[in-house]
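Here the structure comes first, spelled out in structure tokens, and everything after it is commentary.
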There are 2 protein chains.
Amino acid sequence: MSLRHALLGLLADQPASGYDLLQRFAGSLDNVWSASQTQVYTELTKLAGEGLITASEEGPRRRKEYSITPAGDTELRNWLSTNESKTPARNEMLLRVFFLGILPPQQALDHMAGIRERSRAGQDALAALEQSTDWTDEAFSDYGRIALEWGKRFQTMNEEWAQWAEEQIEARRPGESRRETAG
Amino acid sequence: MSLRHALLGLLADQPASGYDLLQRFAGSLDNVWSASQTQVYTELTKLAGEGLITASEEGPRRRKEYSITPAGDTELRNWLSTNESKTPARNEMLLRVFFLGILPPQQALDHMAGIRERSRAGQDALAALEQSTDWTDEAFSDYGRIALEWGKRFQTMNEEWAQWAEEQIEARRPGESRRETAG
DNA sequence: GTCTTCATGTAATTTGTTACATGATTTC
DNA sequence: GAAATCATGTAACAAATTACATGAAGAC
């Protein structure tokens with residue numbers, strides 16, 4: 001049920017159409033909370049039905065602009081003040097690692113190497129995002145930076161952990177020649 | 001669709017009943033992939049229907065024991081060999097942080113402090129889990145440790161990041177007296 | 001006048017949550 | 001014999017994904 005809060009949060013900054021909001025979800029927000037086109041439009045309809053946002057008359061291309069209502073603002077602040085919630089843990093990457101013992105050590109090593117490389121690529125992607133973002137006039141600038149910093153630290157942590165895991169697997173493996181040193 | 005792979009992974013180690021598997025999900029696996037009772041039983045029925053696992057006759061308390069089939073094993077290995085998937089990012093903690101600019105700085109600071117404290121508590125919980133786990137005879141021992149290490153690093157990263165964020169918010173805040181030094 | 005972008009929806013299906021229901025066996 | 005644990009399910013609902021559908025306005 002956080003999609004609605006993401007929408008309320010964006011609308012708290014300024015009124016926007018479903019299409020506008022989708023750009024945000026397709027852009028930087030995608031790293032934090034992703035949502036599909038269908039989801040955004042249906043949730044906006046629901047929110048309007050509950051009086052948390054209001055829709056303007058249809059404009060040019062049937063465009064409707066939504067604004068947050070006082071009720072919506074209350075709901076948003078209430079959510080923001082909430083203690084962190086019971087989001088169930090579901091980490092597919094970790095789940096795979098958990099079962100990696102099923103594969104032979106070399107395949108497990110390859111798997112971890114893949115994770116390490118993707119973490120590296122993730123760092124590059126975030127660095128590029130940082131570069132391309134206009135931090136000057138954005139309303140979410142300060143906290144956007146803080147969220148971005150989380151992503152960078154997360155990816156760094158992942159890369160280092162994968163590296164460490166590879167060393168662990170190597171160390172535990174029967175002492176034959178390793179792939180990169182093998183003839 | 002990873003629940004099925006979690007179940008196949010557990011059954012690859014040894015046959016088990018739905019009830020048995022639920023203990024795993026309620027225990028350490030809950031940090032990696034959580035699942036409810038209803039979900040486990042319905043997914044087992046589906047998996048059996050698709051021939052990826054087989055059920056034994058009903059035992060003592062209507063107990064059924066499931067075993068993985070060759071088809072299920074193939075499916076599991078296939079999933080393990082897959083490049084990391086397109087799991088959409090949905091991080092409610094980060095989403096809240098992203099919108100924290102809506103609240104006055106002091107409330108934002110309190111929020112970050114809460115995250116920091118919960119990360120600390122998370123580290124303690126994982127340390128306790130590590131202590132209470134029997135690492136000697138478990139089939140998933142090596143990779144369970146690696147997964148646990150991820151959790152520890154993740155929580156540490158979170159704590160440090162929250163600390164850093166608090167400093168950022170402090171620094172940007174109008175230079176009045178701070179709460180802890182005030183009055 | 002065609003292509004792209006803007007703009008919004010519906011329908012079917014899958015996945016996950018919450019609530020409810022039931023009964024057998026063991027332990028004390 | 002009462003309580004705890006073992007053991008499995010159904011039904012209703014909410015959230016998310018995938019596929020499909022349509023049409024207006026602007027760019028070239």
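Just so we're on the same page: letters track the sequence lines, and every chain starts at 1.
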Can you check whether R62(A) has a side-chain N or O nearer than 4.0 Å to OP1 or OP2 of dA24(D)? no
Relative to each other, are the rings of W150(B) and W161(A) parallel, tilted or perpendicular (30° and 60° limits)? perpendicular
In whole angstroms, the gap separating C1' of dA16(D) from CE of M1(A) amounts to 14 Å
Whole-Å distance between dA24(D) C1' and R63(A) CZ? 14 Å
Report yes if at least one side-chain N or O of R90(A) is closer than 4.0 Å to OP1 or OP2 of dT17(C); otherwise report no. yes
side-chain hydrogen bond (donor to acceptor under 3.5 Å, both in side chains) between Q163(A) and E167(A), intermediate numbers included: CA-CA 7 Å; Q163(A) 171 83 55; E167(A) 287 159 16; 3.3 Å; yes
L7(A) vs E43(A) side-chain heavy atoms within contact, under 4.5 Å: yes
Separation of atom OH in Y19(B) from atom P in dT22(C), rounded to whole Å: 20 Å
Rounded distance (Å) that lies between atom P of dT8(C) and atom CD of E43(A): 16 Å
dT8(C) P sits how many Å from L47(A) CG, rounded? 15 Å
The side chain to side chain contact (heavy atoms under 4.5 Å, CB included) partner of L100(A) among D142(B), I146(B), L80(B) is L80(B)
Distance test, side-chain N/O of K46(B) to OP1/OP2 of dT15(C), below 4.0 Å: yes
Determine: side-chain N/O of Q39(A) to OP1/OP2 of dA15(D), distance under 4.0 Å, yes or no. no
Figure out the CG/P separation between D30(A) and dA16(D), and round it to whole Å. 14 Å
Using the closest heavy atom to pick a nucleotide of DNA chain D for each, name whichever of R61(A) or Q37(A) lands nearer the 5' end. Q37(A)
Looking at E50(A) and R4(A), is there a salt bridge between them, counting it only when a charged N and a carboxylate O are closer than 4.0 Å? yes
Does dG9(D) have OP1 or OP2 sitting under 4.0 Å from an N or O in the side chain of Y41(B)? no
Have a look at T38(B) and say if it touches a base, only the backbone sugar-phosphate, or nothing, with a 4.0 Å heavy-atom cut-off. base
Take the protein atom CZ of F25(A) and the nucleotide atom P of dT8(C), then report the distance between them rounded to whole Å. 14 Å
With nearest nucleotides of DNA chain D determined for S34(A) and Q23(B) from heavy-atom distances, which residue corresponds to the more 5′ nucleotide? Q23(B)
